[in-house]
Amino acid sequence: MTNDLARHHLETRLVHDGSFRSEFGETSEALFLTQGHVYASAEECEARFKDEVPGYIYARFSNPTVAMFEARMASMEGAEAARATATGMAAVTAALMGQVKAGDHVVAARALFGSCRYVIEEWLPRFGVETTLVDGKDLSAWKKAARPNTKVFFLESPSNPTLEIIDIAAVAKIAHEVGAKLTVDNVFATPMQQKPLELGADCVVYSATKHIDGQGRCLGGVILASNQFITDYVKTPLRQTGPALSPFNAWVLLKGLETLAVRVERQTRSAGTVADALAGHAKLSKLIYCGRADHPQAEIIKKQMAGGSTLIAFELKAGKEAAFRFLNALSLIKISNNLGDAKSLITHPSTTTHQRFTAEERAEMGVGDGLVRLSIGLEHPNDLIKDVLTALERA
Ligand SMILES: *Cc1c(COP(=O)(O)O)cnc(C)c1O
């Protein structure tokens with residue numbers, strides 16, 4: 001069914017791995033748009049339900065197109081197993097809730113995607129799971145926060161939207177010393193630029209909605225880990241609670257994976273070019289890009305990332321009014337909350353993704369009123385630079 005993983009380079013595996021062909025020998029992966037399957041006999045049906053023979057039963061448990069997507073994701077990440085979900089948030093929620101029960105404790109980095117923070121701060125505590133938020137950059141804070149009942153460490157690196165970096169290998173080591181497991185949300189790094197499992201994490205989650213689709217079409221998510229981890233924490237809860245990925249979306253995401261390497265490579269190169277063109281601009285108080293030597297954590301980036309990512313963050317000195325004038329003056333780059341798209345997209349976090357936080361909490365996360373997050377797409381970088389510089393003149 002799948003190729004010998006070790007034989008091929010990543011780009012090759014993104015095109016071929018996980019594919020299996022029907023009796024018609026189709027070139028492109030087939031879209032099995034079916035809720036369920038039929039059986040030759042009642043005996044066969046019984047055997048499948050008892051897991052005595054392999055085969056599909058019902059699309060809430062598994063589906064051939066979804067299985068191809070999962071196998072290709074696992075190959076790419078170097079994980080033993082992958083389970084797809086309807087959205088990135090379904091992946092985060094299932095991965096975290098599967099590992100804990102009432103009375104357990106979770107430690108998470110404070111700089112998180114807004115919905116991830118909701119799950120940690122509000123959702124888990126409703127079921128008797130205690131949670132502590134720490135400054136993820138401060139390794140001693142993880143150690144101090146750990147308790148005998150700590151089961152999970154959770155982080156995002158680079159973080160949204162300030163592109164803060166956490167030393168994944170160091171946090172994984174602390175997690176294991178205190179008997180916890182580390183889950184990493186790897187959306188911002190993309191699967192091309194960071195491999196948390198190789199750095200010691202126990203579980204990786206993605207919103208496939210972002211770079212994996214990469215063309216703004218559908219939502220999806222995935223949880224990657226060892227067979228043991230998936231069996232112990234993920235498989236049965238997903239099957240019984242039902243945040244399953246639609247086979248149609250799995251098919252779109254499979255096609256997205258085929259072009260992931262070229263897209264992310266090009267978008268990252270363009271992001272570097274745009275960041276360099278913006279560095280030192282008189283109207284900016286701050287420019288953060290993971291591929292630049294002036295990133296505050298450039299040393300850790302060198303250790304754990306292969307590239308700079310497709311995102312840039314920068315702060316306009318004159319605050320919210322200037323940021324809004326800048327966004328409204330852009331013509332090519334579109335105002336949106338999304339990222340990782342073929343189209344360049346810009347976000348004003350303090351009034352959108354991070355608006356539910358108090359000004360104090362935002363300041364703690366580095367989300368000032370003048371901060372913008374720019375996701376670089378597939379346009380020619382010179383057109384993007386022209387758009388940004390022209391709009392900055394008007395800001
Ligand atoms: C978008 C995003 C998510 C959530 O993904 P959805 O597919 O929108 O549910 C989670 N984490 C990070 C870092 C994200 O950027």
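Whatever order the structure lists them in is the order used to number ligands and atoms, beginning at 1.
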- Item | Partner residues of T183 under the side-chain hydrogen bond (donor to acceptor under 3.5 Å, both in side chains) criterion, sequence neighbours left out | Q99
- Task: Give the protein residues with at least one non-hydrogen atom closer than 4.0 Å to an atom of ligand 1, ordered by chain and number.
- Result: T87, G88, M89, F113, C116, E156, D185, V187, F188, S207, T209, K210, G220
- Message: How long is the straight-line distance from CG of D383 back to CD1 of I333, given to the nearest 0.5 Å?
- Response: 10.0 Å
- Task: Would you confirm whether D213, through its side chain, and C218, through its main-chain N or O, come within 3.5 Å as a donor-acceptor pair?
- Result: yes
Enumerate donor-acceptor pairs with a distance under 3.5 Å from any side-chain N or O in residues 312-320 to protein atoms, sequence neighbours excluded.
from : atom 1 : to   : atom 2 : distance (Å)
K317 : NZ     : A282 : O      : 2.7

Per-pair distances, 0.1 Å, donor-acceptor, side chain in residues 229-239, under 3.5 Å, sequence neighbours excluded:
from : atom 1 : to   : atom 2 : distance (Å)
T231 : OG1    : N227 : O      : 2.8
D232 : OD1    : Q228 : NE2    : 3.3
D232 : OD2    : Q228 : NE2    : 3.2

- Evaluate the side chain to side chain donor-acceptor pair (under 3.5 Å) criterion for residues D387 and S331: first the C-alpha distance (whole Å), next the side-chain angles of each, then the deciding distance (0.1 Å), finally the verdict. CA-CA 7 Å; D387 198 28; S331 65; 3.2 Å; yes
